[in-house]
Amino acid sequence: MADIVSKRAHYSPPWADVCIIGIAGSSGSGKSTLSHAIVSKLNLPWVVILSMDSFYKSLDAEGSRKAFLNEYDFDSPDAVDFDVLVDRLRDLKAGKRAEIPIYSFAKHAREKETTSIYSPHVLILEGIFALYDERVLELLDMKIFCEADADTCLSRRILRDVSERGRDIEGCIKQWFSFVKPNFEQFVEPQRKVADIIVPRGVENRVAITMVIQYIERKLIEKSKAHRAELRKLGQSSEDDPLSNQVLILEQSSQVKGMNTIIQDIDTSAEDFIFYFDRMATLLVENAMNNIYFKEETVETPAGNKYNGLTAIGETSAVVVLRAGSVFETGLKRVLPDCRTGRLLIQSNIRTGEPELHYLKLPGNIETHDNVLILDPQMSSGGAALMAVQVLVDHGVPEDKIVFVTYFAGRLGLNRLTKVFPEVNVVVCTMVADFEERWIERKYFGC
Amino acid sequence: MASKDAQSPKQSVGPDYRSEKQKPIATVSTEVPFETVHILPQTPQLIALLTMIRDKNTERADFIFYSNRIIRLLVEEGLNHLPVIEHTVTTPVGRSYAGVMFQGKICGVSIMRAGEAMEEGLRNCCRSVRIGKILIQRDEETSMPKLFYDKLPEDIAERWVLLLDPMFATGGSAAMAVEVLISRGVPEDRILFLNLIASPEGVGNFAKKFPKVRVVTAFIDQGLDEKNYIVPGLGDFGDRFYTM
């Protein structure tokens with residue numbers, strides 16, 4: 001075990017060290033409008049808004065009674081569960097998946113369900129006390145304080161509470177004067193002192209928004225550079241290393257070579273290509289299934305004889321790395337017709353070549369599955385493969401339960417993957433030169 | 001038939017990178033000393049598939065599905081014995097690949113009825129393959145296998161023949177089928193006999209009688225019982241596949 005740890009290389013996905021921006025300010029000062037404006041201006045899938053409303057403490061009977069009478073002080077720092085917030089922010093900072101509670105204003109309690117946030121590159125934390133807790137401040141990359149006239153705040157708050165939170169005007173006004181205003185003076189306003197920038201007039205303040213966006217964009221470029229540099233670094237030492245014994249290459253029998261010849265021939269018709277690729281995919285998945293875990297099982301035949309055989313342990317699920325990975329699905333379904341299948345979309349950025357995670361949908365309890373196959377027909381630099389495995393590891397799938405199945409692979413990519421994740425199994429049909437561009441999916445889907 | 005008491009080898013099965021302790025132990029195929037007999041690699045997955053179809057509690061739908069998976073592996077291995085010539089192609093990304101091209105025409109011949117269960121697996125790998133059929137039944141008077149019917153491609157003498165019959169017990173029907181093929185002009189060394197489970201006696205007699213016919217099997221069992229059924233076997237394949 002110590003051996004494995006010392007040899008393990010480090011891979012840092014682009015969502016590790018997420019850039020967190022805190023936006024605080026009085027109720028109704030336009031924090032959430034500002035957050036949304038930033039997100040829509042950036043127009044990127046990796047920017048997520050986290051509202052501190054999610055972290056209200058669940059109320060006991062007494063608190064709940066008060067809340068329904070508008071007598072509970074939601075605008076005091078005591079109403080916020082900072083411990084859970086800090087916990088989740090630290091998870092996200094470490095690149096892990098974080099389960100965010102859902103607070104129900106109708107019940108004044110947390111819902112049983114949670115929403116999960118995973119892999120944002122930028123996280124906007126928005127709430128009246130976003131800059132309040134010392135531990136949160138340590139995690140923030142940029143601290144913004146939103147400012148607006150008190151009368152603007154009050155009128156916005158009334159409009160919102162009446163239409164979205166089902167309160168009456170009288171209740172709103174009562175809350176304002178008994179809680180919101182005194183709390184603002186005592187706890188909210190002092191946060192100005194720790195802010196990096198103070199934004200008056202909210203969304204109307206184009207200059208401020210542009211500044212924030214430029215800052216974020218610069219951060220994202222730095223991240224992308226760091227990610228690519230990290231990938232390059234992983235490659236430098238590993239180009240000539242022998243392959244790990246966790247990498248299994250299909251025996252190049254005449255049948256495999258014959259099918260490979262048809263699959264790779266530029267003149268092969270689409271119909272033949274799909275037929276032979278599906279056939280090869282089936283063989284690959286059958287081979288991958290030798291790497292899952294089995295246990296001994298004795299069965300009785302119809303004639304009453306005993307046979308000491310094996311049976312697969314638990315459930316095997318699959319994760320398809322889109323778009324290319326879906327070329328394996330016909331083969332997968334021939335071997336495991338009812339296999340639960342997660343999907344993630346990783347695309348290489350056209351300009352930088354950096355792999356980017358665009359979409360993710362995994363079986364709910366994937367961490368409990370006994371074997372998980374990752375399907376992607378081509379591995380060149382290994383960037384997408386590293387990312388896909390990292391996603392599963394972040395979702396609690398143990399490395400040694402992952403089998404990565406690919407049709408083509410280059411030595412560089414294989415070495416990168418197995419250096420970072422030495423316990424992952426890889427099944428490859430055929431080795432090719434490093435950095436072969438992706439073409440299997442294009443030929444399979446005809447576009 | 002002392003072979004019933006023979007023991008099949010047991011060993012740990014699993015990928016090489018796992019330690020012996022991590023690998024479960026299962027009964028694996030008996031080895032036989034014939035160069036023409038090819039046994040599929042005894043992988044944990046193959047053993048698990050065989051466990052499934054041997055189990056008397058396996059439902060028919062599952063029996064069919066798991067049999068088909070083994071049959072597909074058998075066909076892929078069988079096709080591996082066909083001749084190829086070198087053939088270099090250019091790939092869609094402009095690189096060249098020194099590959100091979102399949103030579104020779106093939107056809108399937110199934111021994112009715114159980115052999116017909118293997119046709120789908122063959123078709124899955126060879127889309128428009130011609131398939132002949134042979135019906136051999138036990139003659140009630142002589143209790144010897146007797147040829148009742150055959151329908152084979154006319155040009156079978158020019159083809160490689162994949163002979164299909166899932167259970168290879170005494171090999172009586174298979175031997176008769178091979179004789180039919182030889183009488184139609186198919187050279188012995190162009191016949192490949194694909195089956196799921198064989199008996200050491202059947203394989204031995206057959207390999208001595210037809211030293212050039214290749215046999216591809218998933219598993220050679222312990223032996224035959226007094227009724228000439230394979231032990232442990234899996235029961236009547238045809239019944240479990242078609243009617244049970």
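Here the structure is a predicted model, which is why all the values come from computation and not from measurement. Proteins get letters first, then strands, A, B, ... in listed order; numbering begins at 1 in each. Worth knowing before you read on, the calculation uses all heavy atoms, side chains too, and leaves out hydrogens, waters and symmetry mates.
- For a residue to count as touching a neighbouring chain, one of its non-hydrogen atoms must lie under 4.5 Å from one of that chain's; by this rule B/I53 does not touch chain A.
- Among the residues in residues 281-295 of chain A, those with a non-hydrogen atom closer than 4.5 angstrom to a non-hydrogen atom of chain B are A/T282, A/L283, A/E286, A/M289, A/N290, A/N291, A/I292, A/Y293, A/F294, A/K295.
- Most heavy-atom pairs under 4.5 Å with chain B: of the set A/T301, A/V299, A/L310, this distinction falls to A/L310.
- Considering only heavy-atom pairs separated by less than 4.5 Å from chain A, the leading option among B/P44, B/A48, B/A26 is B/P44.
- Looking at A/V432, the atoms closer than 4.5 Å to chain B (heavy atoms on both sides) all sit in the side chain, from C-beta outward.
- Among the candidates A/N245, A/I266, A/I263, the residue making the largest number of heavy-atom pairs closer than 4.5 Å to chain B is A/I266.
- With a 4.5 angstrom heavy-atom cutoff, B/D221 does not touch chain A via any of its atoms.
- Of the inter-residue distances, the one linking B/E76 atom CD with A/S253 atom OG reads 8.5 Å to the nearest 0.5 angstrom.
- The parts of B/R127 that come within reach of chain A are both its backbone and its side chain, each placing non-hydrogen atoms under 4.5 angstrom from that chain.
- Shown here for B/I25 and A/E296, the closest heavy-atom pair between the two residues is N-OE2, 2.6 Å.
- Between A/R279 and B/N124 there is no side-chain heavy-atom pair separated by less than 4.5 Å.
- The minimum heavy-atom distance linking B/I230 with A/N305 is given by the pair O-ND2, 4.3 Å.
- A distance of 6.5 Å separates CZ of A/F275 from SG of B/C125, quoted to the nearest 0.5 Å.
- Panel note: side chain B/Y17, backbone A/E423; no donor-acceptor pair is recorded below 3.5 Å.
- Proximity to chain A is limited to the side chain of B/F65, based on heavy atoms less than 4.5 angstrom apart.
- Contact count versus chain A (heavy atoms, under 4.5 Å) is highest, among B/V84, B/T88, B/L79, for B/L79.
- Comparing A/N425, A/T311, A/D267 by heavy-atom pairs within less than 4.5 Å of chain B, the highest count is held by A/N425.
- Minimum heavy-atom separation, B/P232 to A/Y307: CG-CD1, 4.1 Å.
- Just one residue in the list B/E86, B/M101, B/H87 forms a side-chain contact (heavy atoms from CB on, under 4.5 Å) with A/T261, and that residue is B/H87.
- For a residue to count as touching a neighbouring chain, one of its non-hydrogen atoms must lie under 4.5 Å from one of that chain's; by this rule B/L234 touches chain A with the backbone only.
- Residues from residues 437-447 of chain A that place a non-hydrogen atom less than 4.5 Å from a non-hydrogen atom of chain B comprise A/E437, A/W439, A/K443, given in numerical order.
- Contacts with chain B were tallied for A/M259, A/E297, A/K306, A/R334; A/R334 has the most, counting heavy-atom pairs under 4.5 Å.
- For B/N80, the parts lying near chain A are the backbone and the side chain together; criterion is any non-hydrogen pair under 4.5 Å.
- Between the side chain of A/Q264 and the backbone N or O of B/T91 there is no donor-acceptor pair closer than 3.5 Å.
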